[in-house]
Amino acid sequence: MIDGGFPNVDVKKGESLEFYHSVCPVFYYKGKQKHDIWGNIEKALIGYSSNKKIRFKAASGGALTEICCYLLENKKVDAIIHTTYDPDDQTKTISCVSTTVEEVISRCGSRYGISVPLKDILQIVQSDKKYAFVGKPCDVMALRRYLNKNEKLTKNIIYLLSFFCAGEPSVNAQDELLKKMGTSRQGCDTLVYRGNGWPGFTTVNTKDGRELKMEYKVAWGQYLGRDIRYICRFCMDGTGELADIVCADFWQLDNNNHPDFSEHEGRNIIIARNELGKQLLDATVKSGRINVEEDFTTKIDSEFYLYQPAQLKRKGTMKTTITAMKLCGRDTPKYSKSFLNKYASHVDLKVKFDFFIGIIKRVIKGRL
Ligand SMILES: Cc1cc2nc3c(=O)[nH]c(=O)nc-3n(C[C@H](O)[C@H](O)[C@H](O)COP(=O)(O)OP(=O)(O)OC[C@H]3O[C@@H](n4cnc5c(N)ncnc54)[C@H](O)[C@@H]3O)c2cc1C
Ligand code: SF4
């Protein structure tokens, strides 16, 4: 049934279809809205936390944490609704509400487990309080679309913040990762996926006192990123299009102009997607919490693909993915052809062909 407006696990098939259509991210791409491959951009800065400890500990450069701290410190909101690890099983996550700067900082970093920050949001939000929400692009898209239909809540949930997302690793991916690292879910005491450097090492402290480390590019490239949830393969928005501000890695480039995942000091691209986001970004920078390396706004169209090739490829090959999956008899979302064709024009034919063959092979081998 519907609980406070959000469907819970008991929703029966066919029930409240209209509700799903109005909030589910999949149905956003059926509309006629104008679209560019990187979404709307009011301002894009390259920057990082001016606090060395936060910059080191955070997932990338700590920009998201700094924006949240600015909001709390300046009483723009009463609390931040975000995500941290489940203390009982660190491969899992829990939603959390931070009301102090110290709490926000203690919960920085990326959790590569499944997160459901919208699950209890209507119970969390108090009618006399203001909040900022941090979530994956799909969380933010669903919440934004829900807020558009429930104006009353917009007085409480003021800011929507997000990060780029290449997929949510499955439960199985976590187990495979821990096995390769020499432990298991039961043996794992603490688990940090990245951070403590940039990108930092995936680090496990086991209950029997061992510290196990794996390079981030191996942990993500060979385990976590290989086995993401089925729906993530059809995700059209890994870039937080409906957030006020979205943050991502702004990787250094190697000699071949490819992202360089070796260790560096962390940095973000920080994208304000609308006027509210721009005002917040400008205010956070002015407060001294974020150091700005460069204003990248005018370079997005010509250069950003070098720094985030996977996000460009994902959108540009969505038509290919859907065609290949359909051919294999799989269920696929029904996106508008105009979106798919427009995005497909950003990617070379050879890339799309190789991608197509890759999908077919993986389905035949039972890996997809
Ligand atoms: C599953 C996943 C996939 C990602 N894929 C990409 C990618 O392809 N490209 C890219 O550039 N960046 C990706 N990121 C984002 C990247 O890891 C950083 O979060 C981002 O660059 C912001 O860095 P930061 O230092 O500003 O964040 P921080 O200052 O460390 O703050 C991170 C914030 O995100 C919240 N958070 C952490 N994990 C989750 C979660 N699972 N669900 C909801 N909220 C969470 C935390 O509560 C915290 O408030 C991904 C993150 C995740 C969790
Ligand atoms: S890839 Fe898309 S659908 Fe999957 S978790 Fe990330 S934002 Fe959500």
>> Is any side-chain heavy atom of Lys319 closer than 4.5 Å to one of Asn341?
In response: yes

>> Considering only residues two or more places apart or on different chains, which pairs with a residue in residues 97-138 satisfy ring-ring contact (aromatic ring centres under 6.0 Å, His included)?
In response: Tyr112-Tyr193, Tyr112-Trp220

> Under the ring-ring contact (aromatic ring centres under 6.0 Å, His included) rule, what pairs show up with a residue in residues 345-368, not counting sequence neighbours?
Replying inline: none

> Got a donor-acceptor contact below 3.5 angstrom from the Asn51 side chain to the Lys53 backbone?
Replying inline: yes

>> For a side-chain contact (heavy atoms from CB on, under 4.5 Å) check, start with the C-alpha distance between Val192 and Thr202, then their side-chain angles and the critical distance, and finish with the verdict.
In response: CA-CA 6 Å; Val192 176; Thr202 300; over 6 Å; no

> Looking at Leu161 and Leu71, what are the two nearest heavy atoms and their distance?
Replying inline: CD1-CD1, 4.4 Å

>> Filter on side-chain hydrogen bond (donor to acceptor under 3.5 Å, both in side chains), then keep only pairs touching residues 256-266, sequence neighbours left out; what's left?
In response: Asp260-Ser262

> Are Ile300 and Phe164 linked, directly or through other ILVMFWY residues, by side chains that come within less than 4.5 angstrom of each other?
Replying inline: yes

> For Ala243 and Asn274, which heavy atoms make the closest approach, and how far apart are they?
Replying inline: O-ND2, 4.0 Å

> Which pair of non-hydrogen atoms, one from Arg362 and one from Arg226, has the smallest distance, and what is that distance?
Replying inline: NH2-O, 3.4 Å

> So does Arg267 pair up with Glu293, basic N to acidic O under 4.0 Å?
Replying inline: yes

> Can you list the steps and then say if Asn156 with Val125 is a side-chain contact (heavy atoms from CB on, under 4.5 Å)?
Replying inline: CA-CA 7 Å; Asn156 304 110; Val125 170; 3.6 Å; yes

>> Using a 6.0 Å distance limit plus a 45 degree cone around the ring axis, check whether Lys315 lies over the aromatic ring of Tyr343.
In response: yes

>> Are Tyr85 and Leu212 linked, directly or through intermediate hydrophobic residues, by side-chain heavy-atom contacts shorter than 4.5 Å (ILVMFWY only)?
In response: no

>> Is it the case that atom NZ in Lys213 sees more than 12 heavy atoms from other parts of the structure closer than 6.0 Å?
In response: yes

> Are a donor atom and an acceptor atom from the side chains of His82 and Ser98 found within less than 3.5 Å of each other?
Replying inline: yes

>> Quick check: do Leu45 and Phe296 have side-chain heavy atoms less than 4.5 Å from each other?
In response: no

> Taking NZ, NE, NH1 and NH2 as the nitrogens, is one of them in Asp249 or Arg194 under 4.0 Å from a carboxylate oxygen of the other?
Replying inline: yes

> Any sub-3.5 Å donor-acceptor pair from Thr317's side-chain atoms to Thr320's backbone N or O?
Replying inline: no

> So, does Arg367 use its side chain to make a donor-acceptor pair with the main chain of Lys361 at under 3.5 Å?
Replying inline: no

> Hey, is Lys352 close enough to Asp348 for a salt bridge, meaning N to O under 4.0 Å?
Replying inline: no

>> If you apply the rule side chain to side chain donor-acceptor pair (under 3.5 Å), what do you find for Asn172 with Ser170, and how did you get there?
In response: CA-CA 5 Å; Asn172 184 53; Ser170 70; 4.9 Å; no

>> So, taking the atom named CD1 in Ile290 and the one named OG in Ser50, what distance separates them when rounded to the nearest 0.5 Å?
In response: 8.0 Å

> Side-chain contact, heavy-atom cut-off 4.5 Å: Leu64 with Val134?
Replying inline: yes

> Can you check side-chain contact (heavy atoms from CB on, under 4.5 Å) on Leu280 and Tyr70, steps first, answer last?
Replying inline: CA-CA 9 Å; Leu280 173 58; Tyr70 169 84; 3.8 Å; yes

>> Donor-acceptor pair, distance only, cut-off 3.5 Å: does the side chain of Arg145 make one with the backbone of Cys24?
In response: yes

> Hey, mind stepping through Ile80 and Leu72 against side-chain contact (heavy atoms from CB on, under 4.5 Å) and telling me if it holds?
Replying inline: CA-CA 8 Å; Ile80 311 291; Leu72 283 177; 4.0 Å; yes

>> Within the structure provided, determine whether Phe201 and Tyr216 are in side-chain contact (heavy-atom separation under 4.5 Å).
In response: no

> Quick one: does Leu191's side chain get under 4.5 Å of Cys188's, heavy atoms only?
Replying inline: yes

>> Between Thr91 and Gln174 (side chain of the first, backbone of the second, donor and acceptor by atom type, cut-off under 3.5 Å), is there such a pair?
In response: no

> Could Glu66 and Arg289 be called an ion pair, given the rule that one side-chain N must be under 4.0 Å from one carboxylate O?
Replying inline: yes

> Of the non-hydrogen atoms in Arg273 and Gly240, which two are nearest, and what is the gap between them?
Replying inline: NE-O, 2.9 Å

> Does Ile322 share a hydrophobic cluster with Ile231, counting links as ILVMFWY side-chain heavy atoms below 4.5 Å and allowing steps through other members?
Replying inline: yes

>> Walk me through whether Arg233 and Thr321 qualify under side chain to side chain donor-acceptor pair (under 3.5 Å).
In response: CA-CA 8 Å; Arg233 302 202 179 272; Thr321 304; over 6 Å; no

>> Treating Ser336 as the side-chain partner and Ser338 as the backbone partner, does any N or O pair qualify as donor plus acceptor under 3.5 Å?
In response: yes

> For the side chain of Asn291 and the backbone of Gly47, is there at least one donor-acceptor N/O pair under 3.5 Å apart?
Replying inline: no

> If two hydrophobic side chains count as joined below 4.5 Å and joins carry through other members, does Val104 share a cluster with Phe163?
Replying inline: yes

>> What verdict does the side chain to side chain donor-acceptor pair (under 3.5 Å) test give for Glu103 and Thr99, after you've listed the backbone C-alpha separation in whole Å, the side-chain angles of each residue and the deciding distance to 0.1 Å?
In response: CA-CA 7 Å; Glu103 280 175 328; Thr99 55; 3.3 Å; yes

> With a 4.5 Å heavy-atom cut-off, do Arg185 and Val171 have their side chains touching?
Replying inline: yes

> Looking at Phe250, Phe261, Trp251, which one forms a ring-ring contact (aromatic ring centres under 6.0 Å, His included) with Trp198?
Replying inline: Trp251

>> Hydrophobic cluster membership, with links at side-chain heavy-atom distances under 4.5 Å among I/L/V/M/F/W/Y: are Val218 and Leu177 in one?
In response: yes

> Between atom CD1 of Ile114 and atom SG of Cys232, what is the distance when rounded to the nearest 0.5 Å?
Replying inline: 8.5 Å

>> Working to the nearest 0.5 angstrom, can you tell me the gap between Asp301 CG and Asp36 CG?
In response: 7.0 Å

> Nearest heavy-atom pair of Met325 and Val363: which atoms, and what distance?
Replying inline: SD-CG2, 4.2 Å

> Taking everything shown except Lys207 itself, do over 12 heavy atoms lie less than 6.0 Å from its NZ?
Replying inline: yes

> Are Glu168 and Lys136 close enough for a salt bridge, meaning some N to O gap below 4.0 Å?
Replying inline: yes

> Is any NZ, NE, NH1 or NH2 atom of the basic residue among Arg144 and Asp244 found under 4.0 Å from an Asp or Glu carboxylate oxygen of the other?
Replying inline: yes

> Taking the six-membered ring for Trp, are Tyr335 and Phe234 ring centroids under 6.0 Å apart?
Replying inline: no

> Would you say Glu211 and Thr203 make side-chain contact, with heavy atoms under 4.5 Å?
Replying inline: yes

>> I need the minimum non-hydrogen distance between Asn268 and Cys247, along with the two atoms involved.
In response: ND2-CB, 4.0 Å

>> Treating Ser49 as the side-chain partner and Gly61 as the backbone partner, does any N or O pair qualify as donor plus acceptor under 3.5 Å?
In response: no

>> Let me confirm one number: the CD1-CD1 distance from Ile271 to Ile41, rounded to the nearest 0.5 Å.
In response: 4.5 Å

>> Can you confirm whether Thr239 sits close enough to Asp237 that some side-chain heavy atom of one is under 4.5 Å from a side-chain heavy atom of the other?
In response: yes

